[in-house]
Amino acid sequence: MDTNGTRLAVSVGGDGPPLVLMHGWPQTSRIWRHVMPALAERFTVVAPDLRGVGDSDLAEDGYRKLDQVEDMRGLLTALNLTGPAVAAGHDIGATVAFPWALAHPGDLSAVVLLDPLLPGLGLEEAMNVAEGGMWHFGFFMAPHLPEMLFDGHELEFFTATFTAMSNAGTFDQADLDTYADAYRGRDRLRGGFERYRTMLGDGVDTRRLLEQQSVAVPVLVMRAGAHEPVGPDVLAQHIKNLTVVSAPTGHFIAEEAPDWFVATLNDFLA
C-alpha cells in the first residue's frame with residue numbers, strides 16, 4: 001500500500017478501532033502472528049512491515065522516526081481508518097510509537113511500548129560503551145560496514161541473537177529461517193540498519209518535542225522481565241498516565257507469551 005513516498009506491505013483484519021502493531025528489528029510484522037486473531041476480535045488490526053523491511057519496498061531514505069510516523073498516518077488514511085488509534089510498538093517499533101504520541105496526540109487513544117529503548121530518553125546513555133553500554137548500536141550505525149560483515153551470515157547472527165534473548169523453545173528453525181530470509185543480502189540488511197543510523201537525530205527530535213509538551217495519552221510499557229532499558233522514573237517525567245508491567249519473557253514478548261500479551265493489552269485498554 002502506498003504511503004509517504006514508499007510502499008508498505010501490511011496485514012489488516014478485524015473490526016473496531018484501529019490498532020497499529022509495529023515490529024522491532026531484526027523482524028517483520030510476522031512477530032504478531034500469534035496475537036492478531038485474538039486482537040482482531042476487538043480491533044481493526046493493522047500490522048505493516050516497516051519501511052525498507054520484509055515485503056515492503058526498499059527505501060533509500062525516510063528512516064527518521066518522525067518520517068516513519070508519517071508512514072503510519074498515511075497507511076491509516078489509505079485504509080480509510082478514522083478515529084483515534086492505538087499505537088503498539090516493539091523494540092524499534094516503540095521508537096516510532098512514542099514520537100507519534102508527541103507529534104500528533106490527536107491521532108491516538110493510547111500507546112503500548114514493548115521492551116523499549118527510546119532515543120532521547122536513555123538510549124544515548126545505554127549505548128555508551130565507555131561506561132559499559134551496549135556496543136551494537138554504534139556498530140549498526142556505521143555506514144556500509146555491518147551490511148558487508150553480515151552478508152551471507154544472516155542466519156548465524158539471527159540464531160545467536162534470538163536464542164540468547166528469548167525463553168528456550170520460542171523460535172523453531174522455520175522461524176529463524178524466515179526472519180533471516182527477510183533480511184538476506186546487503187540491500188535488505190541496509191533497510192534494517194538505516195533505522196539505527198537515524199537514532200541520534202531521533203533523540204534530538206524527541207527532546208525538542210518534549211520541550212513543548214508531555215505525552216497526554218495513556219501509555220503502557222511492557223518490560224521484559226527484570227530488564228529495565230528505560231526506567232519508569234524517566235518516562236514518568238514525560239507521560240501523564242503511565243502503566244509499567246513486567247512480562248514473564250525475554251525480549252520477544254508477543255512471541256514468547258502471546259496469551260499474556262493479549263490479556264495485558266486488553267486489560268489496559270479496557
Side-chain angles (χ1 to χ4, degrees), residues 9 11 19-39 45-50 53-56 86-98 111-118 122-123 126-127 134-137 140 150 154-184 188-189 191-193 195-196 199 219-230 244-268:
S11 298
L19 169 59
V20 183
L21 300 174
M22 292 168 282
H23 63 82
W25 184 92
Q27 296 185 287
T28 67
S29 58
R30 190 174 186 272
I31 75 167
W32 311 111
R33 65 196 180 279
H34 300 311
V35 302
M36 285 184 68
L39 294 175
V45 178
V46 179
D49 287 348
L50 297 178
V53 170
D55 290 327
S56 292
V86 177
H90 172 248
D91 184 71
I92 290 291
T95 70
V96 180
F98 186 78
V111 171
V112 181
L113 308 175
L114 284 71
D115 211 23
L117 187 52
L118 300 175
L123 178 141
M127 62 179 279
M134 291 178 277
W135 64 272
H136 68 281
F137 284 96
F140 293 167
F150 279 69
E154 297 88 351
L155 181 59
E156 295 170 70
F157 173 72
F158 288 3
T159 299
T161 300
F162 282 39
T163 54
M165 299 178 68
S166 64
N167 290 332
T170 300
F171 300 104
D172 61 22
Q173 192 60 51
D175 294 326
L176 297 172
D177 289 341
T178 300
Y179 284 131
D181 286 344
Y183 287 85
R184 195 171 302 283
R188 281 295 172 191
L189 286 166
F193 294 131
R195 63 204 67 245
Y196 283 86
M199 281 187 171
V219 176
L220 171 64
V221 173
M222 298 182 181
R223 297 184 300 179
H227 183 44
E228 195 170 1
V230 181
V244 181
V245 297
S246 293
T249 66
H251 179 59
F252 304 98
I253 296 170
E255 290 171 287
E256 296 180 61
D259 292 342
W260 179 91
F261 170 78
V262 171
T264 303
L265 179 66
N266 281 334
D267 287 347
F268 171 69

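Note that the structure is a prediction, hence the values are computed from the model and not measured. FYI, the numbering just counts along the sequence from 1.
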Task: Phe158 ring center within less than 6.0 Å of Tyr179 ring center - done: no
Task: Side chain Tyr183, main chain Gln27, donor-acceptor under 3.5 Å - done: yes
TODO: Determine whether more than 12 heavy atoms belonging to other residues, nucleotides or ligands lie under 6.0 Å from atom CG of Asp55.
DONE: no
Task: Residue pair Gly250 / Ala224: nearest heavy atoms and the distance that separates them - done: O-CB, 3.1 Å
Task: Distance in Å, Ile31 CD1 paired with Met22 CE, rounded so as to fall on 0.5 Å steps - done: 10.5 Å
Task: Distance, nearest 0.5 Å, that separates CG of Leu265 from CD1 of Ile253 - done: 11.5 Å
- [ ] Could you list all the salt bridge (Lys or Arg N to Asp or Glu O under 4.0 Å) pairs where at least one residue sits in residues 244-264, not counting sequence neighbours?
- [x] Arg33-Glu255
TODO: Take Leu39 and Leu21 through the test side-chain contact (heavy atoms from CB on, under 4.5 Å) and record every step on the way to the result.
DONE: CA-CA 10 Å; Leu39 294 175; Leu21 300 174; 4.1 Å; yes
- [ ] Can you measure from OG1 (Thr249) to CZ (Phe261) and round to the nearest 0.5 angstrom?
- [x] 11.0 Å
- [ ] Would you please name every residue forming a side-chain contact (heavy atoms from CB on, under 4.5 Å) with Asp177, sequence neighbours left out?
- [x] Leu155, Gln173
- [ ] Kindly write out the residues that satisfy ring pair (Phe, Tyr, Trp, His ring centres under 6.0 Å) with Phe157, not counting sequence neighbours, or none if the list is empty.
- [x] Phe150
TODO: State whether the side chain of Thr159 and the backbone N or O of Glu156 hold a donor-acceptor pair below 3.5 Å, judged by distance alone.
DONE: no
Task: Over all atoms of both residues, closest heavy-atom pair of Ala182 and Thr28 - done: CB-CG2, 3.7 Å
Task: OG-NE2 distance between Ser29 and His23, expressed to the nearest 0.5 angstrom - done: 6.0 Å
TODO: Can you sort out the partners of Ser56 under side-chain contact (heavy atoms from CB on, under 4.5 Å), two or more places apart, ordered by chain and number?
DONE: Leu8, Ala9, Asp49
Task: Smallest separation among heavy atoms of Ser246 and Trp260, with atom names - done: O-CZ2, 3.7 Å
- [ ] Calculate, to the nearest 0.5 Å, the distance between atoms CG and CE belonging to Asp115 and Met222 respectively.
- [x] 11.5 Å
- [ ] Rounded to the nearest 0.5 Å, what's the gap from CG on Asp181 to CG on Leu176? Could you check?
- [x] 11.0 Å
Open item on the list: I'd like to know whether Thr264 forms a side-chain contact (heavy atoms from CB on, under 4.5 Å) with Leu220, so could you lay out the CA-CA distance, the side-chain angles of the two residues, the decisive distance to 0.1 Å, and finally the verdict.
Closed with: CA-CA 9 Å; Thr264 303; Leu220 171 64; 4.3 Å; yes
Task: Residue pair Phe171 / Ser166, side-chain heavy-atom distance below 4.5 Å - done: yes
Task: Sub-4.5 Å side-chain heavy-atom contact between Phe268 and Val86 - done: no
- [ ] Start with the C-alpha gap between Leu19 and Trp32, add the side-chain angles, then the distance that decides, and say whether side-chain contact (heavy atoms from CB on, under 4.5 Å) holds.
- [x] CA-CA 12 Å; Leu19 169 59; Trp32 311 111; over 6 Å; no
Open item on the list: For Asp172, give me all partners under side-chain contact (heavy atoms from CB on, under 4.5 Å), at least two apart in sequence or on another chain.
Closed with: Ala174, Asp175
Task: Trace of the side-chain contact (heavy atoms from CB on, under 4.5 Å) decision for Arg195 with Thr95 - done: CA-CA 10 Å; Arg195 63 204 67 245; Thr95 70; over 6 Å; no
- [ ] Name all residues meeting the ring pair (Phe, Tyr, Trp, His ring centres under 6.0 Å) criterion together with Phe140; count only those two or more places apart in sequence or in a different chain, and write none if there are none.
- [x] Trp25, His136, Phe193, Tyr196
- [ ] Classify the angle between the aromatic ring planes of His90 and His251 as parallel (below 30°), tilted (30 to 60°) or perpendicular (above 60°).
- [x] tilted
